[in-house]
Structure formats: C-alpha cells, structure tokens
Amino acid sequence: MTETIDIVLTGPLPNQTADGLDKAFTVFRPFTGAEQKAKLEKVADKIRGVAAGESHERLDDAFFDRYPHLEILASCGVGYDHIDANAAAKRGIVVTNTPDVLTDEVADTALGLLLATVRQLPQADAYLRAGQWLRKPFPFTDTLRGKTMGIVGLGRIGNAIAKRAEAFGLGLAYHSRSPKPGAPYPYYPSLVAMAEAVDILMVITPGGAATKHLINAKVLEALGPKGVLINIARGSVVDEKALIAALKAGKIASAGLDVFEHEPNVPKELIDIPHVVLLPHVGSASVHTRNAMGNLVVENLKRWFSGKGPITPVVETPWPKPTKG
Ligand code: NAP
C-alpha cells in the first residue's frame, strides 16, 4: 500500500492492535482530546475507514454523516448493537465484527460467573478477608448438582457454554427463535415454558431492539424462587427494574451479571443486594483474546483496502454483495 489511507479510531484498542493500525494507516484518535478532534475535523472528507474500539458512542446516521467517503467500519467485538448496520448498508458502508476469536473466553467467563453465583465464591473470599472465618465457617451454599440450565441463544458462544456445562454435569435445554439442527438439547419455542422447566437461565443472545427486555417479570416469575439468572449477553436483554424487584421479593434466588442496561452505571439497588455477583463487562477481556479481536479489526481493514474484501462482514452488509435480480 503506497497511498496514505486515513482512518478514525473511536476508542482504545489493545496496544499491539493499535501499533498494527499505525503501521498500515494514518490514524486519528478523537477520543484522546481536543487536538486530535480538531485535526480530524479538517480531514473528515478524506476518512475511508473506522476502527471501532472501546467506546459507548452510538455509530449511526449522525456519525456516518461526518465522513462522506467512509467505506468500512471495523468493530472490535462480536455484538454490534451500538452500530446501525442497516443505516451503514444503505450507504454502502461495510461493517465487520470479531466473531469466533472470543467465543471460548466468553464461555469460560460465563461458567466462572455461574459457579461464583451459585457457590457464592466472591462472598466467601470477602468473608475470609474480613476475618470472619476465625469466628465461624462460611454458611453452606446452593449447588450445581442435579441442576438444569436453559440457554437463551444457542449460537457460537451458547454452544461453547453448553459444552462446558455438560462437563459440569448440568442438564441442558435451549430457547432461540428457531431450533438449531443437530443440537442435542431439548428446544423450547416458548421462553416462559423453558424458564418454568429449568433451574438456571443463561442469557447469551445479541442485544438491540429484537431482544430488548426479553427477560422480563413474567420470565423471572416462571424461573421461580430457587432460580438463578446469568446474563453475559447485553444489559438491554434483561429488564433491570423487573430483575431488582424479583430479587428483592425473593421471586428468584440470585443473579450473576456481566452486563448492565446503562454501563458503566450499575444501579445502587443491585449493588446493595449482597448475594448477587456483578462483573464490569469482562466476558472477553483477557489480554490474549482482546489482542486476537484487535488483530481481526486490523486484518479486516487491511484486506479491505488491498481490494480483497472484508474477512468477517456482518449479515446486514454481506460481502461479496449479492447480485440483484
Ligand atoms: P450468534 O452466534 O449470532 O448467536 C446468537 C444466538 O442468539 C442465536 O442462537 C440466535 O438464534 C439467538 N437469538 C437471536 N435473537 C434472538 C431472540 N430475539 N430471541 C431468542 N434468541 C435469539 O452470536 P454469538 O457469537 O454467540 O454472540 C452472542 C452475543 O453475546 C453477542 O451478540 C454479544 O451481544 C454477546 N457477547 C457478550 C460478551 C461479553 O463480554 N459479555 C462478549 C461477546 C459477546 P435465532 O436467530 O434462531 O434466534
């Protein structure tokens, strides 16, 4: 590549990735301060690519309006509910995400969160550190023995969670909009019916409008007073107010949450419930996996600008473009 290609990085990426971007492109980082923002404004009509790093910014028509010659938006993460991919498609902008490279990491975290929640491991750690073990043993907890887990969203990560859960001896079932051919677990077209039948709900669907508040008061009621909810998907999938009410009223037993409706803000009412386990959205956040995700962002951009097409386009912006007629 001899010509200089100008791209925007919307938020931080792992160092290794950022170095890869700088080697291949001229990179503007508006999130680092006024100086970079001002520089970027001067060259906005030359921007041809966006690398979407860690940021809570919504990338929609208003964002695309700023860059009239944008060709590709390469996002770091498999979920892209913060991107209006349909609006991008209308403008002929290709959107890419980072599937597969994070699947095992997120599945590991999901099982860790489940075990931490059911066996109260963070609470036991805090108990020891507070010197309470010297007075009396930590109280007995609930168990995974003999339990059944319903997976909400049996996709790439849902399947990886299911494999691990089998090794833990859990019974399994799943719900999604369509049955998955070859899946060896019972399929529930009704989420409420599955919640009634299982002890644990593991939520791992995409976020966005289609799944907003999929886990509502009715689903939580069906899960029941001994039920446990784990959400490693997106905060928007769970009606947080209904969840807090259900936990306070003992309508479900507990919850383990990696994601929240208004991140990074977590309601004080949730923080004040001592037996829930709350993580700051760390599902994929290991050095190894974040580097792998970041490298895929760089490779998508490099491939695009060398004319070979993107590696992992999202379904809304397929590549090669389907032929009309
Ligand atoms: P995937 O392979 O596309 O799987 C998504 C699954 O959800 C599919 O089985 C799909 O089946 C189901 N689904 C979609 N819409 C649904 C709906 N309205 N109701 C019920 N089921 C629905 O995606 P993936 O790679 O497993 O990733 C899943 C999600 O995990 C991502 O989109 C992201 O939001 C989240 N995630 C979180 C973290 C974290 O750090 N906590 C990290 C990575 C990913 P049907 O189409 O048949 O419904």
Side-chain angles (χ1 to χ4, degrees), residues 14 52-56 75-83 85 95-114 116-117 150-165 172-183 185 187-195 201-216 218-219 229-239 255-261 263-264 266 277-290 292-294 296-297 312-316 318:
E54 205 153 304
S55 154
H56 293 281
S75 183
C76 191
V78 67
Y80 52 97
D81 40 299
H82 60 302
I83 297 171
V95 177
T96 63
N97 64 346
T98 60
D100 301 317
V101 292
L102 47 60
T103 294
D104 284 327
E105 198 74 69
V106 180
D108 288 354
T109 311
L111 265 293
L113 180 55
L114 170 63
T117 306
I151 299 181
V152 186
L154 194 71
R156 286 170 294 239
I157 302 172
N159 267 298
I161 291 173
K163 265 196 214 144
R164 286 157 174 75
L172 288 164
Y174 75 100
H175 163 79
S176 50
R177 291 167 302 180
S178 55
K180 305 297 162 204
Y185 322 112
Y187 170 63
Y188 283 84
S190 156
L191 176 52
V192 170
M194 183 170 83
L201 272 188
M202 171 66 74
V203 186
I204 186 62
T205 61
T211 54
K212 187 166 164 70
H213 292 184
L214 193 63
I215 308 297
N216 55 25
K218 210 171 154 196
V219 173
L229 175 78
I230 305 294
N231 185 14
I232 188 121
R234 282 289 181 267
S236 60
V237 185
V238 174
D239 180 343
L257 309 171
D258 183 46
V259 286
F260 302 89
E261 277 203 81
E263 293 176 14
V266 177
V277 176
L278 310 174
L279 301 180
H281 199 152
V282 293
S284 67
S286 70
V287 173
H288 166 92
T289 296
R290 284 295 169 88
M293 292 160 64
L296 186 49
V297 170
T312 47
V314 302
V315 286
E316 292 86 345

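These numbers come from the heavy atoms of this one structure, side chains and all, not from hydrogens, waters or symmetry mates. Whatever order the structure lists them in is the order used to number ligands and atoms, beginning at 1. None of these values were measured; they are calculated from a predicted model.
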Which of the atoms in ligand 1, numbered in the order shown and given with their element, are less than 4.0 Å from a heavy-atom of [X]?
{"X": "Leu154", "result": "9 (O)"}
{"X": "His281", "result": "39 (C), 40 (O), 41 (N)"}
{"X": "Ser284", "result": "40 (O)"}
{"X": "Ser178", "result": "47 (O)"}
{"X": "Gly283", "result": "39 (C), 40 (O)"}

Identify the protein heavy atom lying closest to [atom], giving its residue, its atom name and the separation to 0.1 Å.
{"atom": "atom 23 (O) of ligand 1", "value": "Arg156 NH2, 3.5 Å"}
{"atom": "atom 28 (C) of ligand 1", "value": "Ile204 O, 3.6 Å"}
{"atom": "atom 22 (C) of ligand 1", "value": "Thr205 CG2, 3.8 Å"}
{"atom": "atom 26 (O) of ligand 1", "value": "Ile157 N, 2.9 Å"}
{"atom": "atom 35 (C) of ligand 1", "value": "Ala233 O, 3.6 Å"}
{"atom": "atom 11 (O) of ligand 1", "value": "Lys180 NZ, 3.1 Å"}

Do [X] and [Y] have side-chain heavy atoms sitting under 4.5 Å apart?
{"X": "Ser176", "Y": "Tyr187", "answer": "yes"}
{"X": "Ser284", "Y": "Arg290", "answer": "yes"}
{"X": "Val78", "Y": "Val101", "answer": "no"}
{"X": "Met202", "Y": "Ile161", "answer": "yes"}
{"X": "Met293", "Y": "Pro14", "answer": "no"}
{"X": "Glu261", "Y": "His213", "answer": "yes"}
{"X": "Leu279", "Y": "Leu113", "answer": "yes"}
{"X": "Asp104", "Y": "Arg164", "answer": "yes"}

Contact check: [X] vs ligand 1, nitrogen or oxygen atoms, below 3.5 angstrom:
{"X": "His175", "value": "no"}
{"X": "Arg177", "value": "yes"}
{"X": "Ile232", "value": "yes"}
{"X": "Thr211", "value": "no"}
{"X": "Gly158", "value": "no"}
{"X": "Val78", "value": "no"}
{"X": "Gly153", "value": "no"}

Of the choices Gly207, Pro206, Gly155, Ser176, which has the non-hydrogen atom that lies closest to atom 7 (O) of ligand 1?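 Going through Gly207, Pro206, Gly155, Ser176 one by one, Pro206 has the nearest heavy atom to atom 7 (O) of ligand 1.
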A quick test of your reading: do over 12 heavy atoms of other residues, nucleotides or ligands sit less than 6.0 Å from NZ of Lys180?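 Buried by this count: over 12 neighbours within 6.0 Å.
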I'd like to know whether Ile151 forms a side-chain contact (heavy atoms from CB on, under 4.5 Å) with Asn159, so could you lay out the CA-CA distance, the side-chain angles of the two residues, the decisive distance to 0.1 Å, and finally the verdict. CA-CA 9 Å; Ile151 299 181; Asn159 267 298; over 6 Å; no
Heavy-atom contact check, 4.0 Å cutoff: does Glu105 meet ligand 1?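 No.
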So is Ala210 touching ligand 1 or not, going by heavy atoms under 4.0 Å?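 Ala210: in contact with ligand 1 (<4.0 Å).
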Using a 4.0 Å heavy-atom cut-off, say whether Val106 meets ligand 1 through its side chain, its backbone, both or neither.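 The answer is the side chain of Val106.
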With side chain to side chain contact (heavy atoms under 4.5 Å, CB included) as the test, pick out the partner of His281 among Ile232, Leu257, Val259.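 It is Val259; the other options fail the test.
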Leu214: which of Val219, Val152, Val203 passes side chain to side chain contact (heavy atoms under 4.5 Å, CB included):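 By the side chain to side chain contact (heavy atoms under 4.5 Å, CB included) criterion, Leu214 pairs with just one of Val219, Val152, Val203: Val152.
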Centres of the Tyr174 and Tyr188 rings: under 6.0 Å?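 No, too far apart.
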